Asks: 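Below you'll find the structure I mean.
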Amino acid sequence: MPVTITLLDGSEREYHDGVTGYDIATDIGPRLAKAAVAVTVDDAMYDLHRPIAQDAVVSIVTENTEAGRHILRHSAAHIMAQSVLALFPGAKFAIGPAIDDGFYYDFQVDKPFTPEDLVRIEAKMREIVAADQAFDRGELKLSEAIEVFSDQPFKREIIEGVDSGEGVGSDMVSVYRNDGFIDLCRGPHIPSTGRLKAFRVTRSAGAYWRGDEKKPQLQRIYGTAWESKKALDAYMVRLEEAAKRDHRKLGAELDLFSFPSELGSGLAVWHPKGGILRRTVEDYSRRTHAAFGYDYVVTPHIAKAGLWETSGHLRFYRDGMYPAMVLDAGENRKGEEYFVKPMNCPFHILIYKSRSRSYRELPMRLFELGAVYRYERSGVLHGLMRARGFTQDDSHIFTTEAQLGAELQSLLDFVLMVLRDFGFDEFEADLSTKPEKGIGDPELWVRAEEHLASALQSADLPYQVAPGEGAFYGPKIDIHIRDAIGRRWQLSTIQLDFGNPENFELEYTSSENTRERPVMIHRALFGSVERFIGILTEHYAGAFPPWLAPVQVTVVPVADRHIEYANSVAEVLGSQGIRVEVDTAVETVGEKIRRAITQKHPFVLVVGDSDVESGTVGMRVRGEDVEERGILLDEAARRIAEIVAPPR
RNA sequence: GCUGGCGUAGCUCAGUUGGCCAGAGCAGCCGCCUUGUAAGCGGCAGGUCAUGGGUUCGAGUCCCAUCGCCAGCUCCA
């Protein structure tokens, strides 16, 4: 019986029953057939050599697409499992999916894999690839499958968990076989192992079965696979590029900050240059907050246990807090417990509560650069990105419910404006809605979520709804940015809170002279100043925009006799608020220039005899590999001042 | 917290199966050179080999613990 195949361009072709994706690809063109790894048949993915029995819309999946690489990587995972089972006969294998840029497979083995084991595994994989074994698809009844995988507990657990809807047909699962190796798998796979051309086994690490800390820890081996050697190489280069931007490395190279081990993990000290960077970011933040209706407040670092009981932190978050300091304990006195703050909210709430509030005062926006301390688990620490001590640019806004919509809208505009000022222009947002156990009036949740959504829409911000992902006390918006190399970072959060106004019994007097409960908005824009600077460092690879650069200008005297003039140049620039250094080192001009460039200073001014004589400078601008000679000092100062001016 | 890897000078690293001297480059300091756009030359100094214990005739090297770092897992209210 012939079947009609509709291609993506809408054209139709007739084939005999049992035609395969490979046949169709070959029919379209030999190059397509060569690049094909699988085929989509209506909504399903088929192996290239699986017969198509019915009329269908078909498209060929080639190896140089994300979908194609996904298949390649998944097949690579199978080959990895096959290799591990061959080399470590008792190994139990769990799951092995494709992930972004690669794949992994989880194993239970007696001893964790050593780096040498990984080398052997990769070598074994190459043998299997060289043998070019065909992947054969098969279907088994659940009972048969359990038999086949009788000595593989993880596979059995998966099979036993298969719902009738999930497998193939009602009580069937699909398996793939190549050579003697068989794995439970939905497929599809590349036609044969020889198609895996460019791959590498990269590392191993522990991982919990089903991602659950309480379940056994397995050994996960990661790998990467690409459609060609060239694509693999490009990936490795990309990794190197990312490593070069690592803020921990640049932080040391540019002398911004360090993490002295004497302090304890996750606690940074900021060096003078990092201090300038921070101060510049913080000054900008204070300035813009003041200009947009925020009141700047300051609160202490510690508070008594009672405050944290009211806020709920001690109940829900105690493990994340530095432990109590017990003060004034005596023979007959229990003493008082103090905790270092992991958050600023309760303090701002106390400011709100310090006297009775009128609706006329709302929205009330309190802003603080508040240092907080959280006892993060040691394994999650990551430079400035995840530290134990950090500074939140923290705001708490108290509004009436009627004001909520307008407030969220202007708040979102404010957030985006600030992020744009720092050079980010690609944003995505998540809107997290009411979870099962969300507290408070469900109607309020609905209205609040609508306000959040319409704020996102009016800001023209693309967003995804994360149903049920909100905190128990309110829905929220998270804003992500993309950095210069396409990585996504979560920065700002706007979090509604229906809980704390209750806990702390917040009120305001309405125009009708009734007592009402305000809505509270938590809002961090950078998240943490430290983390934000970490992200800026990686985004700009250390070459900060001129207004943020710790040193904006280096003046290089050609010879000792020009130092005096160089100093006077620095003085002129410095008097205009430009951050300038004179490099008086006994070195060649070339060396001093190189130093300034390596340190990513935006401007280098070289001064020699002719400049002393005519009051000029030679100027070199970062990123432009040319120098301009004989610019009048005033002119140079004017140009530099213009470029280093903060955005607002 | 868990699994694995790691910790030698300020930085990047070398130190063969435990053994005679713990080394190099860069940075630093001191000289010389007085320089015009990405590394001038020479010299000096710098390490209780993360810390503490152990094995051994002998430990940077082997074992244990602690601290710290890296990757991943889990976590991020």
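Within every chain, numbering begins at 1; the chains are lettered A, B, ... in the order of the sequence lines, protein sequences first and strands thereafter. The shown structure was predicted, so the numbers you read here are calculated from the model rather than taken from an experiment.
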Asks: Distance check, C1' atoms only: U3(B) and C11(B), in whole angstrom units.
Replies: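 The same atom, C1', in both gives a distance of 30 Å.
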
Asks: Where the side chain of Arg386(A) is concerned, which of C75(B), U37(B), A71(B) is the nearest nucleotide?
Replies: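 Nearest to the side chain of Arg386(A) among the choices is C75(B).
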
Asks: Stacking between Phe316(A) and the base of A77(B) (centre distance under 5.5 Å, interplanar angle under 30°)?
Replies: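 Aromatic stack with A77(B) absent for Phe316(A).
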
Asks: Can a donor-acceptor pair be found between the side chains of Gln108(A) and Trp209(A) at a distance below 3.5 Å?
Replies: no

Asks: Expressed in whole Å, how much space separates the C1' atoms belonging to C21(B) and C33(B)?
Replies: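 Comparing C1' positions in C21(B) and C33(B) gives a spacing of 35 Å.
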
Asks: Mind checking Gly608(A) for me? I need base, sugar-phosphate or nothing, with any heavy atom below 4.0 Å counting as a touch.
Replies: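 Counting heavy atoms under 4.0 Å across all strands, the contact made by Gly608(A) includes a base.
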
Asks: So what does Asp212(A) hit on the nucleic acid, given a heavy-atom distance under 4.0 Å: a base, only sugar-phosphate, or nothing?
Replies: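 Answer is nothing: Asp212(A) stays at 4.0 Å or more from every strand.
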
Asks: Tell me: CD of Glu116(A) to P of G5(B), nearest whole Å?
Replies: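 About 9 Å, once rounded to whole Å.
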
Asks: Run the salt-bridge test on Glu469(A) and Lys476(A) with the 4.0 Å N-O cut-off and return the result as yes or no.
Replies: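 So Glu469(A) does not pair with Lys476(A) through a salt bridge.
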
Asks: If we only count heavy atoms from C-beta on, is the Phe526(A) to Ile533(A) side-chain gap below 4.5 Å?
Replies: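 No, every pair of side-chain atoms sits at 4.5 Å or beyond.
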
Asks: Reckon Thr114(A) touches a base, only the sugar-phosphate, or nothing at all at heavy-atom distances under 4.0 Å?
Replies: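 The answer is nothing, as Thr114(A) stays clear of every strand by at least 4.0 Å.
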
Asks: Can you classify the ring geometry of His78(A) versus Tyr105(A) as parallel (below 30°), tilted (30 to 60°) or perpendicular (above 60°)?
Replies: perpendicular

Asks: Rounding to an integer number of Å, can you tell me how far Arg595(A) CZ sits from G36(B) P?
Replies: 16 Å

Asks: Looking at Glu564(A), I want to see if its CD is surrounded by more than 12 non-hydrogen atoms of other residues, nucleotides or ligands under 6.0 Å.
Replies: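 Count not over threshold, so no.
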
Asks: Round to the nearest Å and state the distance from Asp611(A) atom CG to U34(B) atom C1'.
Replies: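 Roughly 16 Å, once rounded to whole Å.
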
Asks: With a 3.5 Å cut-off and heavy atoms only, can you find an N or O donor on one side and an acceptor on the other between the side chain of Tyr208(A) and the base of G72(B)?
Replies: no

Asks: Taking the C1' atom of each, how far is A59(B) from C64(B), in whole Å?
Replies: 15 Å

Asks: Tell me whether Lys273(A) is salt-bridged to Glu581(A), with the criterion being a basic N under 4.0 Å from an acidic carboxylate O.
Replies: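 Counted as a salt bridge, because a side-chain N and a carboxylate O are separated by less than 4.0 Å.
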
Asks: Reckon Ala559(A) touches a base, only the sugar-phosphate, or nothing at all at heavy-atom distances under 4.0 Å?
Replies: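 Here Ala559(A) touches the bases of the nucleic acid.
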
Asks: Where does RNA chain B form stems of at least three consecutive Watson-Crick or G-U wobble pairs, each pair having both distances below 3.5 Å?
Replies: B:1-7 with B:67-73, B:10-13 with B:23-26, B:28-32 with B:40-44, B:50-54 with B:62-66

Asks: Write down the distance between OH (Tyr565(A)) and P (G36(B)), rounded to a whole number of angstrom.
Replies: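 Taking OH of Tyr565(A) and P of G36(B), I get 18 Å after rounding.
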
Asks: Take atom P in A50(B) and the same atom in G42(B), then report the distance between them in whole Å.
Replies: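 Approximately 32 Å lies between the P atom of A50(B) and that of G42(B).
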
Asks: Using a cut-off of strictly less than 4.0 Å, decide whether Arg210(A) has a side-chain nitrogen or oxygen near OP1 or OP2 of U74(B).
Replies: no

Asks: When you measure from the side chain of Arg594(A), which nucleotide among A39(B), G1(B), A71(B) comes out closest?
Replies: A39(B)

Asks: Could you pick out which residue, Val558(A) or Thr588(A), lies toward the 5' side of RNA chain B when each is mapped onto its nearest nucleotide?
Replies: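 Between the two, 5'-proximity favours Val558(A).
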
Asks: Quick one: which of U3(B), G72(B), U35(B) gets closest to the side chain of Arg203(A)?
Replies: G72(B)

Asks: Determine the contact category for Arg220(A): base if any of its heavy atoms lies under 4.0 Å from a base atom, sugar-phosphate if only primed atoms, P, OP1 or OP2 are that close, otherwise nothing.
Replies: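 Sugar-phosphate only.
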
Asks: Distances under 3.5 Å only, N/O to N/O: pair up the protein atoms with those of nucleotides 66-70 of chain B.
Replies:
from   : atom 1 : to        : atom 2 : distance (Å)
G68(B) : OP1    : Ser265(A) : OG     : 3.3
C69(B) : OP2    : Ser265(A) : OG     : 2.9
C70(B) : OP1    : Arg248(A) : NH1    : 2.9

Asks: Taking OH from Tyr317(A) and P from A77(B), how many angstroms apart are they, rounded to a whole number?
Replies: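 My rounded result for the distance is 8 Å.
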
Asks: Taking the inter-plane angle between the rings of His522(A) and His396(A) on a 0 to 90° scale, is it parallel (under 30°), tilted (30 to 60°) or perpendicular (over 60°)?
Replies: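 Answer is perpendicular, since the angle exceeds 60°.
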
Asks: Report yes or no: is there a donor-acceptor pair, N or O only, under 3.5 Å between the side chain of Ser204(A) and the base of G5(B)?
Replies: no

Asks: Taking atom C1' in both G47(B) and G7(B), what distance in whole Å separates the two?
Replies: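 Each nucleotide's C1' atom is 14 Å from the other's.
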
Asks: Counting side-chain heavy atoms from CB outward, which of A27(B), U34(B), G72(B) is closest to Glu591(A)?
Replies: A27(B)

Asks: Please compare Val586(A) and Tyr375(A) by the position of their nearest nucleotide in RNA chain B and report the one closer to 5'.
Replies: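 Taking each residue's closest nucleotide, the earlier one in sequence belongs to Tyr375(A).
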
Asks: Side chain of Ile597(A) only, please: which of A38(B), U74(B), G36(B) is the nearest?
Replies: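 Given the options A38(B), U74(B), G36(B), the side chain of Ile597(A) is closest to A38(B).
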
Asks: Take atom P in A14(B) and the same atom in G54(B), then report the distance between them in whole Å.
Replies: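 Result for the P pair: 30 Å, nearest Å.
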
Asks: Can you tell whether the side chains of Glu368(A) and Lys341(A) come within less than 4.0 Å, N to carboxylate O?
Replies: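 A salt bridge links Glu368(A) with Lys341(A).
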
Asks: Classify the angle between the aromatic ring planes of Phe88(A) and Phe113(A) as parallel (below 30°), tilted (30 to 60°) or perpendicular (above 60°).
Replies: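 Correct class here is perpendicular.
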
Asks: When the C1' atoms of G18(B) and C62(B) are considered, how many whole Å apart are they?
Replies: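 These two C1' atoms come out 8 Å apart once rounded.
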
Asks: Quick test of your reading of the model: are Arg245(A) and Asp483(A) salt-bridged, counting only N-O distances below 4.0 Å?
Replies: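 The answer is no: the pair does not qualify as a salt bridge.
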
Asks: U74(B) C1' sits how many Å from Asp319(A) CG, rounded?
Replies: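 These atoms are roughly 14 Å apart.
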
Asks: U74(B) C1' sits how many Å from Glu376(A) CD, rounded?
Replies: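 Interatomic distance, CD of Glu376(A) to C1' of U74(B): 13 Å.
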
Asks: Expressed in whole Å, how much space separates the P atoms belonging to G1(B) and A65(B)?
Replies: 15 Å

Asks: Check this for me: does any side-chain nitrogen of one of Asp212(A) and Arg210(A) sit under 4.0 Å from a carboxylate oxygen of the other?
Replies: no

Asks: Categorize Glu253(A) for me: base, sugar-phosphate, or nothing, with a 4.0 angstrom heavy-atom threshold over every strand shown.
Replies: nothing

Asks: Could you give the CD-to-P distance, from Gln217(A) to C73(B), as a whole number of Å?
Replies: 11 Å

Asks: How would you label the contact of Gly211(A) with the nucleic acid (heavy atoms, under 4.0 Å): base, sugar-phosphate, or nothing?
Replies: sugar-phosphate

Asks: Taking it one step at a time, do Tyr317(A) and Trp308(A) satisfy side-chain contact (heavy atoms from CB on, under 4.5 Å)?
Replies: CA-CA 10 Å; Tyr317(A) 192 63; Trp308(A) 306 112; over 6 Å; no

Asks: Would you call Arg523(A)-Asp394(A) a salt bridge at under 4.0 Å N-O?
Replies: no

Asks: Out of U3(B), A39(B), C73(B), which nucleotide sits closest to the side chain of Pro112(A)?
Replies: U3(B)

